[in-house]
Amino acid sequence: MFAQLTAFLNRTQFNNFVRKYDGNRYVKQFTCWNQLLAMMFGQLSNRESLRDLIVAFEAHRAKQYHLGLGRNPIAKATLAYANQNRDYRIFEDFVFYIMKEACERRATNILEIPGNKYAFDSTTIPLCLSTFSWAKFRRKKGGVKAHVLYDIEAQVPAFYTVTAASKHDSTAIRSIHYEPNAYYIFDRAYDSFKELYRIHLTGSFFVVRAKTNLKCTTVKWKRRMPNIVCGIYDVALDAQELSWKENQLLYRDNPVGEDKYKPVAFDSKARIYLDKGKVIFEYLPTLWDVNPNTLEKRLSKDDYPTYISTER
């Protein structure tokens with residue numbers, strides 16, 4: 001199964017990155033490709049240390065060739081030396097290449113909104129302070145933070161960065177390369193107006209949870225709920241006329257003076273009848289101002305609402 005998984009990796013592209021950073025210089029047996037497969041095997045098999053990983057390889061020595069690691073045994077010192085001295089950018093560039101390829105293959109349009117949609121958040125990875133003294137961020141705790149930009153449509157990571165755990169989340173969004181006409185979703189820990197304004201300047205959009213102490217003024221607002229909240233109709237038809245009654249509660253689409261988008265209700269009587277061979281339409285409305293919480297009504301001083309046309 002491990003060989004089937006590694007078959008998806010583009011080895012030609014990986015070799016291009018190896019040549020770019022001269023990764024196989026002075027290497028005779030344990031190449032950068034062998035190093036990549038060894039570390040992938042350790043990650044997928046949940047090895048907790050290099051020693052644990054080497055023990056696993058020793059237990060499966062007969063299968064090592066079929067995993068793509070060659071026939072020669074892997075020494076712990078060899079793997080440790082490769083991890084310490086080889087250029088990490090070989091593997092970083094290859095990971096970003098794979099992530100981009102996965103995004104293109106899995107692209108969907110589940111939200112039916114043009115542009116890419118991303119969610120950005122972080123998680124803390126605990127580390128042992130006695131081994132990683134540089135990772136201290138609490139009195140008795142150590143760790144690092146992984147900040148991941150997740151592509152919602154493709155459902156794969158699009159970007160990531162690792163920082164010290166003591167670094168605040170809002171400072172990590174500076175490393176994101178924003179795309180025009182894209183949507184970025186953040187938690188309230190990323191409530192940094194300077195960085196959010198940078199998203200605005202790139203022609204993108206952001207969604208962020210507001211903090212409780214946020215001071216702001218609404219510049220523009222539009223109601224997204226339906227205009228007609230409820231309506232009751234009573235229609236009657238006889239040989240002489242067609243008549244009906246309406247009882248509706250609506251919300252204005254246009255501001256009216258200082259009241260802005262206030263709710264309004266109206267009762268009306270309408271009928272269509274014949275008078276001397278002509279069809280006559282009669283419409284008699286009564287307008288009410290409504291308290292949306294208690295639904296109490298009082299006569300309105302407004303004229304016809306903007307959503308009612310004048311019939312003749």
Does [X] reach the side chain of [Y], with side-chain heavy atoms less than 4.5 Å apart?
| X | Y | value |
| --- | --- | --- |
| Tyr190 | Phe206 | no |
| Asn83 | Tyr88 | no |
| Phe137 | Lys167 | no |
| Ile90 | Phe94 | no |
| Ile185 | Phe205 | no |
| Tyr178 | Leu201 | no |
| Ile54 | Ile74 | yes |
| Asn116 | Asn181 | no |

If we ignore hydrogens and angles and just use 3.5 Å, is the side chain of [X] paired with the main-chain N or O of [Y] as donor and acceptor?
| X | Y | value |
| --- | --- | --- |
| Ser204 | His200 | no |
| Lys117 | Gly115 | yes |
| Tyr150 | Gln155 | yes |
| Asn24 | Cys32 | yes |
| Arg25 | Arg19 | no |
| Asp187 | Ala189 | no |
| Thr131 | Leu127 | no |

Which distance, rounded to the nearest 0.5 Å, do you find between the [atom1] of [X] and the [atom2] of [Y]?
| X | Y | atom1 | atom2 | value |
| --- | --- | --- | --- | --- |
| Leu50 | Thr78 | CG | OG1 | 11.5 Å |
| Leu37 | Leu5 | CG | CG | 11.0 Å |
| Leu9 | Leu36 | CG | CG | 6.5 Å |
| Ser45 | Met40 | OG | CE | 11.0 Å |
| Lys145 | Asp121 | NZ | CG | 9.5 Å |

* Indicate the ring-plane relationship of Tyr184 and Tyr118, choosing parallel, tilted or perpendicular according to the 30° and 60° boundaries. => parallel
* Asked: So His147 and Phe120, would you call those rings parallel, tilted or perpendicular, with 30° and 60° as cut-offs?
  -> parallel
So which heavy atom on [X] is nearest to which on [Y], and how close?
| X | Y | result |
| --- | --- | --- |
| Glu195 | Ile173 | CB-CD1, 3.3 Å |
| Ala158 | Met99 | C-CE, 3.3 Å |
| Ala165 | Thr124 | CB-CG2, 4.3 Å |
| Phe186 | Ile199 | CE1-CD1, 3.6 Å |
| Arg271 | Ser243 | CB-CB, 3.7 Å |
| Ile125 | Ala146 | CD1-CB, 4.2 Å |

* To do: Walk me through it: do Thr31 and Asn34 pass the test side-chain hydrogen bond (donor to acceptor under 3.5 Å, both in side chains)?
  => CA-CA 5 Å; Thr31 63; Asn34 297 140; 3.1 Å; yes
If Ile, Leu, Val, Met, Phe, Trp and Tyr residues are connected whenever their side-chain heavy atoms lie under 4.5 Å apart, and connections chain through other members, are [X] and [Y] in the same group?
| X | Y | value |
| --- | --- | --- |
| Phe57 | Val55 | no |
| Val156 | Leu149 | no |
| Tyr160 | Ile152 | no |
| Phe96 | Phe17 | no |

* Decide if the gap between the ring center of Phe30 and the ring center of Tyr81 is smaller than 6.0 angstrom. => no
* May I ask you to check whether over 12 heavy atoms, not counting those of Arg51, lie within 6.0 Å of atom CZ? => no
* Under 4.0 Å between a Lys/Arg side-chain N and an Asp/Glu carboxylate O for Glu92 and Arg89? -> no
* Please say which of Glu58, Glu48, Arg47 ends up in a side chain to side chain contact (heavy atoms under 4.5 Å, CB included) with Leu53. => Arg47
* Are side-chain N/O atoms of Ser122 and Asp169 paired as donor and acceptor at under 3.5 Å? -> yes
